[in-house]
Amino acid sequence: MEEFFNYLDHLPPGSFERTLFTLLEQPAALLTVAALIEMLLPLPGSWRLGRLAPIFTAMASKVNLPENTPNQTYLAGMLLPLLVVVLLLTLMLGLSLLAGFDNYLALVLLPLLLEARLSLRLTTPAMRALDEGHKEEARRLLKHAVLRETARLSPMGMCKAATELCLQRTFACWFAVMVWYLLAGLSGALMMQLTAVLARTFSDKDPRYKLFSTALTRAYHVLLLPPALFLGLTMMFSFVPSMHIRRGLQAARAYPAAAAGFVLGVMGSCLNLSLGGPRYYAGTLIRYERIGGLHAPDSSSPLKAFRRIRLCGLILMCAWLIITAFTLPAATLPLPQGGIQTV
């Protein structure tokens, strides 16, 4: 390894090799490699941050007590996630210092932080059961994934719930992690994924955590705002970007969480799927406006939603990589043939 670095140090400033290695050191190139590893290799779920959810639940049971006052519950729900995030960020920074080379650490951790297939693992069994005519089994499988009542859902309602879940999970656990890595490095990617895991563990849809998760849910939706902006920018490569963005903004105004509403509105418009509408949470009917496109989702819609989010992520990576290549320092660019003429 030391000989390799010595070889790099002795490369001439304008050589093709130096330009190539400089480009490969950029965050966009590392992210592209990590995304390809995550796509092609079947990384086990036991290596993901989501496996820490039982530990987080056990920690919450020590501070989210029934006898707490509302102020104590709110404060505990704010401090516990903050403590978890700070501890894991400190651990990652310590590993970075020990490794001595952040790029190696990024190539190891990024494929584990990018978690796209989670949504398919949750929705595919339910959609398969629905296709086979086992509606009750599909409702049972979907209930644990969407954390809302599914007993009254029609087959189309189950397909819509699965599609919304696929869009939101893939966006938060894959696309948003990519964006935060490009903006803030490995620390940003870890912060985004960890916040997403904590928000799922302490979901405000669960009555036990409704008040406890208030501060965490707000922080989670704030972190989703920059990725939602970049998702809107990828719409510039679609056929009718103005319509998709307009529908996304309408959905952002209609939904309680602006970022989640924008994502559902934009992607629903791209796929021409009607999303939103009424749903039951803990026996309470909540009416959301219908957003997105015109057609009712079917059992193939979750997979289409997953692939569309993936396409948007690939567009973002390619665009960032091209911009990076054109903005490299002039000293690393290859010299024109014949060298530079001096007077």
Enquirer: What's the separation between atom CD in Gln168 and atom OG1 in Thr163, rounded to the nearest 0.5 Å?
Expert: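 Reported value, rounded in 0.5 Å steps: 11.0 Å.
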Enquirer: Would Ser299 and Asp131 satisfy side chain to side chain donor-acceptor pair (under 3.5 Å), going step by step from the backbone distance to the final call?
Expert: CA-CA 7 Å; Ser299 59; Asp131 287 336; 2.8 Å; yes
Enquirer: Side chains of Thr69 and Asn71: any donor to acceptor distance under 3.5 Å?
Expert: no
Enquirer: Check whether NZ of the Lys or CZ of the Arg Arg279 lies under 6.0 Å from the centre of the six-membered ring of Tyr288 and within 45 degrees of that ring's axis.
Expert: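 No.
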Enquirer: Could you check whether any side-chain N or O of Trp180 sits under 3.5 Å from a backbone N or O of Leu223, counting only pairs where one atom can act as donor and the other as acceptor?
Expert: yes
Enquirer: Should Arg121 and Glu115 be marked as a salt bridge (charged side-chain N to carboxylate O under 4.0 Å, His left out) after you check the CA-CA gap, both sets of side-chain angles, and the distance that decides it?
Expert: CA-CA 11 Å; Arg121 289 199 299 268; Glu115 192 170 9; 3.5 Å; yes
Enquirer: About how many Å separate CG of Leu36 and CG of Leu31, when rounded to the nearest 0.5 Å?
Expert: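 The CG atom of Leu31 sits 9.5 Å away from the CG atom of Leu36.
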Enquirer: After noting the C-alpha distance and the side-chain angles of Lys205 and Glu149, does the key distance pass the salt bridge (charged side-chain N to carboxylate O under 4.0 Å, His left out) rule?
Expert: CA-CA 11 Å; Lys205 300 174 185 177; Glu149 294 182 15; over 6 Å; no
Enquirer: Are Ser203 and Asp206 linked by a side-chain donor-acceptor pair shorter than 3.5 Å?
Expert: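 The criterion, which ignores hydrogens and geometry beyond distance, is not satisfied for Asp206 and Ser203.
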Enquirer: Using 0.5 Å steps for rounding, measure from the NE2 atom of His295 to the CG atom of Leu273.
Expert: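 Spacing of NE2 (His295) from CG (Leu273) equals 9.0 Å.
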Enquirer: Where do Leu275 and Pro297 come nearest, in terms of heavy atoms and distance?
Expert: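 Between these two residues, the closest heavy atoms are CD2-CG, 4.3 Å.
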Enquirer: Hey, does the side chain of Arg208 reach the backbone of Phe202 with a donor-acceptor pair shorter than 3.5 angstrom?
Expert: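 Looks like no, no N/O pair under 3.5 Å.
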Enquirer: Could you measure the distance from the CD atom of Gln193 to the OH atom of Tyr181? Nearest 0.5 Å is fine.
Expert: 15.5 Å
